[in-house]
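Working notes, beginning with the structure itself.
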Amino acid sequence: MEEVLNQNRDGIKRVSAQLFSLMQLFNCLMIMFITLVTAHAMHGFILEGNAFDLITKCHATIVYWKIPVIAGILYISLLLLLSIECNNHIELIVKLWLEIAVSAGLFYCTGLSYTVMVLLILADIVRNRIDWSKKILYIVLLSCVDLVLNGNVLSGYANPVSVNQIWTYYRPDVASVFSGAINIMFLIDVFIFILYMVFLILEQMSEKERIAALYRELSIANHKLAEANKQLEEYTEELVSAAETRERNRFAQEIHDTLGHALTGIVTGIEACIMLMDIAPDATKEQLKAIEEVARQGITDVRQSVKALRPDALERLKLEDALLKIIDETMRSTGITINYNCTTSLLNLSQDEEDAIYRIVQESVTNAIRHGKADVIDIGIGREDGLLNIKIKDNGIGCGKVYKGFGLHHMQERLSLLKGTLSYDGSDGFTIYASIPIRWGNSAEEKED
């Protein structure tokens with residue numbers, strides 16, 4: 001559709017340019033016709049010895065051959081002015097006054113008989129890209145100039161070579177033919193001007209239609225983009241939900257395989273002790289010893305299970321590498337931007353501290369995407385005054401009143417175990433501040449490379 005509109009617009013512009021060039025050529029032919037016929041008539045007066053009559057008619061001494069030469073120079077100057085494109089109304093008004101001055105000279109050279117140059121200047125104004133409110137002022141000014149020229153106002157201030165006077169050299173029928181030819185050429189020039197204006201209007205209509213088509217296509221593209229964003233958000237929520245489900249299932253499986261097995265053995269053993277307590281005290285003691293062993297083994301298994309529940313990334317990577325890994329995976333899967341800036345070393349931390357930092361970053365990013373609908377998250381980790389400070393800020397929707405859900409509650413519990421603090425602010429996006437007392441190094445330590 002857009003290609004067709006562009007082809008139509010280019011075709012109309014090409015025709016408009018051709019019509020404007022045709023107007024320039026036709027005006028040139030008319031001016032040269034009038035000035036050459038006038039010069040020929042003046043030369044005829046001189047050859048026939050009627051120079052005195054010529055001087056009387058013209059009220060001045062004029063060299064006849066200069067008329068077409070001066071007219072040609074002036075018309076070339078007019079064409080050069082018409083070829084100049086203006087970028088503002090100041091340039092246009094200067095150009096317009098120069099064109100009017102040249103046209104007045106041509107009007108004088110043609111014996112006050114030809115003012116169609118005004119149409120050529122008018123066409124040049126209309127095709128200019130200056131605002132229409134200023135174009136109207138220029139058109140009114142040009143119309144006043146046309147009235148002055150056609151009203152023979154200049155004849156009172158100059159001694160023009162009148163065509164009607166000079167062409168008396170020819171027989172009345174010949175002069176009549178010449179005058180008729182001028183009238184016909186004038187009508188043809190007006191017709192070309194009207195045709196040019198029609199195509200200029202068509203060009204503007206085509207441009208508006210093209211812009212409207214582009215706007216429609218842009219609206220459709222925006223609608224599709226909005227749908228794609230919505231699908232991406234839904235997909236992101238599904239990914240987050242799936243990750244949470246996998247984590248819950250993993251946790252449930254660990255509890256089932258360790259604590260469930262141990263408790264089942266303990267319950268079964270206690271039931272046996274209840275039945276043997278009265279009839280076989282010694283056997284009951286032996287059974288209780290067995291239960292004690294099962295309980296101890298259960299505690300060991302629970303500890304191992306809890307250790308196994310530690311994030312896989314922390315088992316395989318250093319803390320900062322694990323953070324960079326989860327940030328990279330999140331950006332690749334969701335398309336959001338996460339800016340990470342850590343200005344301190346994350347080495348020599350205990351397992352509990354590493355787990356807390358990792359889970360705080362993980363939970364904060366998840367909440368920013370899931371609840372805050374954020375697309376940019378800034379993560380900053382540094383230390384000051386013996387505290388490891390974590391700041392996580394997103395550009396999401398935020399919230400006026402924060403209700404502490406499971407995620408924030410879980411963060412608070414982890415930090416409390418480490419004697420740390422947690423605070424948050426939902427006024428501008430959502431920001432989480434976490435602080436953990438540092439048990440290693442000194443405040444002047446810089447981040448290791």
Side-chain angles (χ1 to χ4, degrees), residues 235-236 239-251 254 303-370 372 374-384 386-395 407-408 410-415 417-422 430-449:
Y235 179 66
T236 301
L239 287 178
V240 173
S241 177
E244 292 178 349
T245 301
R246 286 196 299 270
E247 188 68 18
R248 284 196 299 268
N249 291 340
R250 183 169 167 231
F251 186 73
E254 288 292 332
R303 286 175 178 172
Q304 291 177 349
S305 297
V306 170
K307 184 178 179 181
L309 287 173
R310 194 175 189 223
D312 290 337
L314 291 180
E315 287 293 330
R316 295 180 285 105
L317 303 170
K318 295 180 180 179
L319 174 59
E320 187 162 19
D321 293 334
L323 292 175
L324 293 173
K325 182 175 183 295
I326 191 175
I327 289 171
D328 180 67
E329 290 176 350
T330 303
M331 288 195 296
R332 284 192 289 107
S333 63
T334 63
I336 69 170
T337 299
I338 301 178
N339 301 312
Y340 175 77
N341 180 30
C342 181
T343 59
T344 185
S345 173
L346 297 181
L347 300 175
N348 303 322
L349 292 170
S350 69
Q351 189 177 99
D352 292 342
E353 290 169 336
E354 288 185 349
D355 289 349
I357 295 171
Y358 183 87
R359 291 302 189 189
I360 288 170
V361 172
Q362 183 184 50
E363 184 67 22
S364 299
V365 170
T366 300
N367 289 341
I369 299 171
R370 186 177 185 183
D375 56 11
V376 177
I377 302 173
D378 296 317
I379 301 174
I381 302 177
R383 62 176 178 169
E384 184 180 3
L387 294 175
L388 180 70
N389 297 316
I390 304 172
K391 179 182 177 182
I392 303 173
K393 175 177 174 52
D394 63 63
N395 68 340
L408 291 176
H410 192 54
M411 289 186 205
Q412 184 70 66
E413 286 184 345
R414 285 182 177 274
L415 291 170
L417 294 174
L418 300 173
K419 297 183 180 180
T421 59
L422 177 72
F430 198 85
T431 307
I432 289 178
Y433 305 93
S435 296
I436 302 174
I438 297 176
R439 297 179 294 187
W440 49 267
N442 56 74
S443 59
E445 183 183 356
E446 295 181 355
K447 182 180 176 181
E448 297 181 12
D449 293 329

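FYI, the numbering just counts along the sequence from 1.
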Note to self: Counting C-beta onward and ignoring hydrogens, is there a side-chain heavy-atom pair between F430 and N367 closer than 4.5 Å?
What the structure shows: no

Notebook entry, point to check: Between OG1 of T431 and CG of D378, what distance do you get to the nearest 0.5 Å?
Noted result: 9.0 Å

Check: Residues two or more places apart in sequence or in another chain: which of them pass side chain to side chain contact (heavy atoms under 4.5 Å, CB included) with N389?
Finding: E384, L387, S435

Notebook entry, point to check: To the nearest 0.5 Å, what is the distance between CD (E363) and CE (M411)?
Noted result: 4.5 Å

Check: Which heavy-atom pair separates L319 from E354 by the least distance, and what is that distance?
Finding: CD1-O, 3.7 Å

Next item on the list: Could you pull out the closest heavy-atom pair between D394 and A374, with the gap in Å?
Entry: CB-CB, 3.6 Å

Notebook entry, point to check: Partners of I326 by side chain to side chain contact (heavy atoms under 4.5 Å, CB included), sequence neighbours excluded?
Noted result: T330, Y358, Q362

Margin query: Tell me the closest heavy-atom pair linking P437 and L418, and the distance in Å.
Written below: CD-O, 3.5 Å

Margin query: Just so I know, are the side chains of I327 and M331 near enough to count as touching, which here means a heavy-atom distance under 4.5 Å?
Written below: yes

Next item on the list: Sort out for me which residue in N395, I369, V376 forms a side chain to side chain contact (heavy atoms under 4.5 Å, CB included) with I336.
Entry: I369

Item checked: Beyond-backbone contact of Y340 with I381, side-chain heavy atoms, under 4.5 angstrom -> yes

Next item on the list: Give the minimum heavy-atom separation between E320 and C342, together with the two atoms involved.
Entry: OE2-CB, 3.7 Å

Notebook entry, point to check: CD/Q412 to OG1/T421 distance, rounded to the nearest 0.5 angstrom?
Noted result: 8.0 Å

Item checked: I432 versus S364, closest heavy-atom pair with distance -> CD1-OG, 3.2 Å

Next item on the list: Please list, chain by chain and in numerical order, all residues satisfying side chain to side chain contact (heavy atoms under 4.5 Å, CB included) with A434, sequence neighbours excluded.
Entry: I360, I390, L415, L422

Next item on the list: For the residue pair V365 and I379, establish whether any side-chain heavy-atom pair is separated by less than 4.5 Å.
Entry: yes

Notebook entry, point to check: What are the two closest non-hydrogen atoms of L388 and R383, and how far apart are they?
Noted result: CA-CB, 4.1 Å

Check: Under a 4.5 Å cut-off applied to non-hydrogen side-chain atoms, are L346 and L323 in contact?
Finding: yes

